[in-house]
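Numbering of ligands and ligand atoms starts at 1, following listing order.
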Amino acid sequence: MSESLPFDEYKTPIANLLEVRRRSIDDLEGFWDEKARALHWFKTWDKVLDDSNPPFYKWFVGGVTNISYNALDVHMDSWRKNKAAYIWESEEGTIKTLTYLELYREVNKFAKVLKDLGVKKGDRVTIYLPMVPELPISLLATVRLGAMHSVVFSGFSSSALADRINDAESKILITSDGGYRRGKYIPIKEWADEALKNTDTIEKVIVVRRTGKEVNMVEGRDYYYDELMSKVSESTYIPPEPMKAEDPLFILYTSGTTGKPKGVQHSVGGYMVWAYWTLKWAFDPKEDDIWWCSADIGWITGHTYIVYAPLMHGLTGIMYDGAPNYPAPDRVWEIIERHRVTILYTSPTLIRMLMGYGDEYVLEHDLSSLRVLGSVGEPINPEAWKWYYTVVGKERCPIIDTWWQTETGGFMITPARGISLVPLKPGSATFPLPGIDAEVVDEDGNPAKVGERGYLIIKKPWPGMLQTLWKDPDRYKEVYFSRYPGAYYTGDYCIKDEDGYFWLLGRADEVLKVAGHRIGTMELESAIVSHPAVSEAAVVAKPDPIKMEVPVAFVVLTSGYEPSEELANEIKKYVAKSMGPIARPDSIFFVASLPKTRSGKIMRRLLKAVILGKPLGDITTLEDAASVEAIKKAYEEFKKAVGGA
Ligand code: WT7
């Protein structure tokens, strides 16, 4: 696995890094006691880590702070107040710049609006917005009041939105009069109205004007953002609510192995410290950087690395509201050139897509401003890594491949430019950050042998870890801490090589990764089964050259329905509508029965083997061997009929 090592500029970069990490883990409390002081606290903590009730760890106990103060107020007494916090570009080409002072004013004004609508500490605010400046403003105003946000990706369906509103029992919804994607109008307010039919906690709805289209407004419930803001004085100041470090900061829902999405709950103090330091360690940003994290704020990547961490560092960030290949395949390169972006942080799916268009789109643009490139969301295949490194970065920019999860709050395993940049190996996220006691273990919890695939676990708590699952502490214990008692189970496969590098290999559980997004198998199956024509469904991941994985579904029809291409399309559409377009099955195979064990569990492993054309392995526990043959046949016939699934 040894590649040419492009950044061997230190004598012993690996040893340096391992030494920093060893010391941090040997004295976790001492280490974090020092690091947390980089941020502003209204009161410092009495105890760095309270681990008396595992796995419910408390960080910086007794500390009082507010993350909006660290993101905004700290910059107000320096020249930074006139620096751009965000440069926003819309798909249509509008560019708006918001300085730190302007952002601070908007956040204070909007905090006043929310306060007047009754929002107070501990309340939940659901935010369902496209990538408009009002999105970070909404997050910051919410946490300034000590309330918690629950951001729902604006591409999610109304039923996903309704579930998340109901689970969080939010009283405010912030949404928009629509959005644009590839020039097409997206009726976000309509979806929100649909969701509101099935929720009963929302008292007020705030509507941001993004398109200017006339939308349905409910008297006494719905208000336009700009109208509410125009009534508030420009010099409004809302003091940031003094928050205990261990108070909850926000909830963000993500998919798990069962049907119900998990409300990942992050803390005020620990998350703040982790967000700040991880960005510094991995990317080592400088004052004059132009930082572009191309994620949507609807995901954790956007929460941590578009909103909180870059603002705490006083960086200028790009926000792009549109499709990355619209109106032409060079949109990303054009944006980099136009705004002189210095750090690009994006996903392997996007890199593979752009690679597919050909080098000429990249070469047409002056990308000499770039100094560092980042990757996140899924393992990056060496081919895409090399293309990113040579064609985009001209062999000048290190690739910072960041492994982490919604639950971890920030980067966990990644090259650490800000500490000691180790020689890079395409496809390896290299080493864990300071404070992260990661290990690859076998089924029994023993360290896996060098080069042998095992499960990645984290053996000690870290500040950015989730506090619990919202309203479900038992599930938190069960999902993350039951498999290897005392350690956090990531759900990922991993290999450690002979040099100690970590190679993340994807999910070990029934979670799909489609274009970097997490989709639960069971969640998708229940969405399919809710279609009247379907009686049973099983979903497995099929490898995809661009998106890494796509869901394919094996479907047993209700009697009276006949398999047809129309029906397959209708089911696909139905799923896209109920879960959102990212969950849309790539193909649907109609079968007479599903392979099940005698205890009734669907053997997805077999379905996967069929799709991959692999040997089926042990099928002695199978209840009905004939179903596998039938599935193989259905799959082969389908492939013939449509020229490949
Ligand atoms: C899962 C977490 C982290 C923010 C975006 C996704 C996979 C993520 C990498 C990477 C290999 C990766 C893992 C992980 N993953 N980054 N650099 N290399 N795999 O957050 O939706 O919570 O997904 O994404 O499988 O468990 P998420």
So that I know where these two stand, are F283 and Y305 an aromatic pair - ring centroids less than 6.0 Å apart? no

At a 4.0 angstrom heavy-atom cut-off, ligand 1 is contacted by I300, T301, V376, G377, E378, P379, D401, T402, W403, W404, Q405, T406, D492, L504, R507, K513, R518

For this session: Taking only Lys NZ, Arg NE, NH1 and NH2, and the carboxylate oxygens of Asp or Glu, determine whether E169 and K471 approach each other closer than 4.0 Å.
Result: yes

request  = Run the ring-centre check on Y501 versus F431 and record whether the distance is less than 6.0 Å.
outcome  = yes

#### Entry: Aromatic contact, Y488 with Y480 (centres under 6.0 Å)
yes

task: Could you tell me whether F250 and H303 have their ring centroids closer than 6.0 angstrom?
output: yes

_Does R331 qualify as a cation-pi partner of Y326, given the criterion of NZ or CZ under 6.0 Å from the six-membered ring centre and within 45 degrees of its axis?_
no

